[in-house]
Amino acid sequence: MIAAMTDRRIRVLIAKPGLDGHDRGAKVLARGLRDEGFEVVYTGLRQTPEMIASAALQEDVDVVGLSILSGAHMTLVPRVCRALRDEGLGDVLVTVGGIIPDDDVAALHEAGVDRVFGPGTTIGEVAEYLRSSVRPRETA
Amino acid sequence: MTDGNAGANSGDPGELRSGRGDDPGGGDPPAARTSPRGAHLAERVRAGDRRMLARLLTEIEDRTAVAEAALRVLYPLSGGAHLVGVTGAPGAGKSTLVAALARAVRASGRPAAVLAIDPSSPITGGALLGDRIRMQEHAGDRDVFIRSMASRGHAGGLAAASVDAAAALDAAGFPIVFLETVGAGQSEVEIASIADTTLVVEAPEMGDEVQAIKAGLLEVADIVVVTKGDRPGAGRTAAQLRAMLTVGAADEAEAIRRAEAHGRRRPKRPQVVLVTAPTGDGIRDLLDALDRRAAGRDASAVRPARLARAAAQLDAVLAERLRARLRDAHRRDEIDAVIRAVAEHELDPYAGADRVMALVEGSPSGG
Amino acid sequence: MRFRTLGDIEIADTYTPLDLADRDLLAAVGFPGQPPFTRGVHATGYRGRPWTMRMFAGFGSAEDTNARFHQLLDAGQTGLSIAYDMPTLYGYDTDDPQAEGEFGTCGVAVSSLADMEVLLDGIPLDRISTSMTINSPAAPIWAIYIAAAEKRGYPRGILRGTTQNDILKEYIAQKEFLFPVGPSMRLVTDTIEFGTRELPEWNTISISGYHIREAGSTAVQELAFTIADGIAYVEDALARGLAIDDFAPRLSFFFNAHSDFFEEIAKYRAARRIWYRLTTERWHAQRERSTWMRFHAQTAGVSLTAQQPLNNLTRVAVQALAAVLGGAQSLHTDAYDEAWAVPSADAALLALRQQQVIAAETGVASTVDPLGGSWYVEWLTEEVERQAWRYIEEIDAMGGMPAAIEAGFPQREIADAAYRYQQEFDAGERQVIGVNAHADPDETLAIPLLEVTEESRRRHLDRLARVRRERDPLAVASALARLRDVASRAGSTEANVMPALIECATAYATLGEMCGVFRECFGEYREHASV
């Protein structure tokens, strides 16, 4: 009982932008990261970039993880990055999960995505990346 | 459990960790009082900066000195908001009800805040916070502030963290704050019960018996809300609850007399309302009832809750202070020695506690 | 080490007659074309009629997809299957802001009759049957199809095809829902009723386990939840006053063909047996056709890997073989590049050729149910059936599938199974060749991918603008008003939405306008189930 009861927990928002309803990957990742000790906020389906940015702000997350399988990533992901910057959340880590060709991956990095996770990535790999890459939060 | 990486809620004595490494003040009250970051944060929150409000809520969850400093500024400025606890069995429809109530609050021209608390895993300390799924209609409305909080296994600290978070939302200008917790587990129920008003949510026909009774929730209810009113059986569930909660006048007087004689809170006699959240049926009336309670908040109905809340806050802060003192490095070795002695049965835990208290007080306790 | 099927059924080292003792095997299994149809609904199997080779296709504009249809038909395909794009699946026109970025990537965009006319150009609709993967807006899209056929001079009574129209599995798995469960079920029943009356050759619903499996379910869950969905549709149609023997023969099913070869075959065989029992014992069907489970199969998209994509050809061949040995009525084989994008023309052709090779060269279609009597297959068929019944009874006890969905039951079961698989994959207990076994760390993508061009989008948007400009606005307004009138009434034979929808479609009302009326009258569904 003497131990400090809290410590810093990495908070992750998992969101599915666009119309695509295939949420298997998003849900599996949400559970997996919970089991890796993260606090995971799952927002559900059909999120607009503005909804995602607003949720990221209110939840003060360290990471926004986007899952997208419909092929609309080149339109939607840059819009999410822009919406996050508009809310002053440029320091939040942005990751994307999906099957994305190399050329598009480069363009997404350009747009502000920190990491793209392709098919076959294990949850352990995602967790390890997040632990090593989350940036400290500023109170300014 | 000896690698120091065990869950945040681990009781391992080897794990005396401080809140945040970047805290200049550690857990020390005088430093916290003057933390410039805390004061700055408080100022920005008062000015309506939603991002800094979110950041303050994180500091509160992490129980940092920055949070403490900010709350020293904000607490006197709060107290005006109506804190509404919402609890009930899983699947009862709490989030959907809260979303509908928030809609009604917005329709009345006011902003609304929601704190949705979900349990942390006792094993990993992780949490899956899914309440926003049911509140999507408010996504993008900056005047509905929704925050998911993991329970993090704070012993008693959860109530303190959530009440502090509610105070921050209050000071940020939200006149009504919904505090949603699963009605399973004592600390979750406790949180709902120390709100100004406690709603206990019950879905019709979730089983053979009323779930709220099974979970012992009816005692904390100010209003029992039967959701899914369009379902067959909803009316019957409401009628059952009303019959159960109706007490004769003589019995009522006797119950109050006994409660007062034993220094307990008066027994609550909750009203029962029926709502259908998706269509909004009954929601307006429920909000009116909440607003009426808020208007008469000095009345005896709310005072016991506020006293209980203050007591819980003080308890939590005192416990934190004690822990902060025990965390002090030069006491660590001595405390660890006591722990080892208790583990070896060389010392009983009571004598062990006497020694630790003596360390804290700086003089032997009488005994 | 334990040996388990992909669906987590524990498997013994070998099977013998002792595993099937204490039962009259001949009665339990029966003969092909005889109850309980374990061995197939036709006595002659594929000898009488080979399975329909029906490749799911669609991308970009109606012109793009029409060209692909002609290519596949010229290559020997025997049925059409239309894939619609995301906005169409959600009932949005391509010029709706919600559609941004989604045009044509997962299928073809159809916003009005004008698109359907181009899409079906040159297709003999009296000879070719058309399957359509469309769910929430199934009724309006079907109306657009009927309007297009009638405009070409084909009477609706001769049209053959299938609308997927299975909304319950959308709430459960694929999540392409628009309206709340009640009104959605009413639309399904409206289409079943209308089809029974006016399009007797049309399968008005394809009750689908495919997407449930893709979402991560086990084989047993796929089977059980599909059957439970079927129970809900039948009960609703009966409540509308339809007779079981009038509509049950047009109910069709759609299952996944996954990689665990024998488990899949057992699943199809068990499915036919369960459906026979339900139709005869629960609903007292008299016509034999009412008791037949006929199904389409598609190889498992989720099993395709982006890595070493040519490996997918092997997966697809084995999965297709399982579907054939399980007695599928029609089959789609996935293209090897589909983990990346909708298939290129060459990849789609190669996938069709896989079916043709199985049909022509392997001899597996020469005798009916060649695996019947295998101790392992018969044991596994019974095991799958037993486990499926347990789920079906559990869902019955919850008040049927709509209630179970609201309680989040099937969603949770599937998410649990998907997570269990991921944990096994992460731990290396489940090997996927080219991904976590025999992977090539230096691999670069070396196959050509199909791209949807900006020109296609432009062409589609121009046509949509022209439709809005040139149609008769009064005819559109009055048709939409009539639709609003029937939709706002409770579901009934008199308020069946199909005639009004066909009137709207014929007047060139857009899909978005028709669905807009429904959104107004029905509201929109929001998912409440948790993670």
Side-chain angles (χ1 to χ4, degrees), chain A residues 14-36 40-50 67-80 97-105 116-128, chain C residues 59 85-87 89-90 92 97-106 170 173-177 211 214-217 301-302 304-307 338-342 411 414-416 418-423 425-428 432 434-436 439 444-445 449 451-452 524 526-531:
Chain A
I14 302 276
K16 278 198 70 67
L19 295 176
D20 170 33
H22 295 87
D23 57 1
R24 173 182 181 164
K27 284 183 162 182
V28 163
L29 182 64
R31 285 185 179 208
L33 290 180
R34 173 200 60 194
D35 290 350
E36 288 278 349
V40 183
V41 179
Y42 182 62
T43 59
L45 297 167
R46 299 188 207 171
Q47 302 286 297
T48 65
E50 294 71 29
S67 165
I68 186 160
L69 294 168
S70 70
H73 52 265
M74 290 309 290
T75 309
L76 293 170
V77 173
R79 280 181 51 195
V80 173
I99 300 179
I100 294 175
D102 291 345
D103 291 352
D104 290 1
V105 170
V116 174
F117 291 108
T121 309
T122 65
I123 287 164
E125 287 163 4
V126 177
E128 197 177 318
Chain C
F59 64 95
D85 76 350
M86 278 294 167
L89 293 171
Y90 285 90
Y92 291 115
Q98 293 274 0
E100 203 181 328
E102 313 263 16
F103 167 82
T105 56
C106 296
E170 297 296 337
Q174 191 169 237
K175 312 293 172 76
E176 287 161 6
F177 39 69
H211 320 80
E214 292 284 297
S217 83
V302 76
L304 301 178
T305 61
Q307 296 90 336
E338 274 188 87
W340 287 101
V342 286
Q411 299 96 311
I414 295 168
D416 287 348
Y419 190 43
R420 193 168 60 234
Y421 178 84
Q422 179 71 35
Q423 288 175 311
F425 172 87
D426 286 0
V432 180
V435 180
N436 67 351
T444 52
L445 180 66
L449 296 184
E451 276 185 54
V452 176
E524 291 187 56
R526 287 178 201 282
E527 185 173 49
H528 282 188
S530 54
V531 198

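So that the names make sense, note that chain A is the first sequence line, chain B the second, and so on, each numbered from 1.
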Pairing residues for A:Arg79 by the salt bridge (Lys or Arg N to Asp or Glu O under 4.0 Å) criterion, not counting sequence neighbours: C:Glu100
Heavy-atom contact with chain C under 4.5 Å, split by part of A:Thr75: side chain
Side chain, backbone, both or neither of C:Phe425 within contact of chain A (heavy atoms, under 4.5 Å): side chain
Note, A:Glu36 side chain near A:Val126 side chain (heavy atom, < 4.5 Å): no
Side-chain touch A:Pro119/C:Gln307, heavy atoms, less than 4.5 angstrom: yes
Heavy-atom contact with chain A under 4.5 Å, split by part of C:Leu449: side chain
Part of C:Val432 lying under 4.5 Å from any heavy atom of chain A: neither
Spatial distance of atom CD1 (A:Ile14) from atom CZ (A:Arg31) [nearest 0.5 Å]: 13.5 Å
Proximal component of A:Leu76, with respect to chain C [non-hydrogen, under 4.5 Å]: side chain
Chain C contact residues among residues 98-105 of chain A, heavy-atom distance under 4.5 Å: A:Ile99, A:Ile100, A:Pro101
Euclidean distance, A:Thr121 OG1 relative to C:Asn436 CG, rounded to 0.5 Å: 11.5 Å
Region of A:Thr48 in contact with chain C, defined by heavy-atom distances below 4.5 Å: neither
Set of residues satisfying side chain to side chain donor-acceptor pair (under 3.5 Å) with respect to A:Lys16, sequence neighbours excluded: A:Asp20
Heavy-atom pairs under 4.5 Å with chain A, option from C:Ala173, C:Ala418, C:Ala306 with the top count: C:Ala418
Max heavy-atom pair count under 4.5 Å with chain A, selected residue of C:Gln174, C:Lys175, C:Glu214, C:Glu170: C:Lys175
Portion of C:Phe177 that has a non-hydrogen atom of chain A nearer than 4.5 angstrom: both
Heavy atoms from other residues, nucleotides or ligands near CD of A:Glu128 exceed 12 (cutoff 6.0 Å): no
Residue list, ring pair (Phe, Tyr, Trp, His ring centres under 6.0 Å) with A:Phe117, at least two apart or on another chain: A:Tyr129
Structural part of C:Ala341 lying under 4.5 Å from a heavy atom of chain A: neither
Within 6.0 Å of CD in C:Glu451, more than 12 heavy atoms from elsewhere: no
Ion pair check, A:Asp23 and A:Arg46, cut-off under 4.0 Å: no
Heavy-atom closest pair, residues A:Leu33 and A:Ile123: N-CG2, 4.2 Å
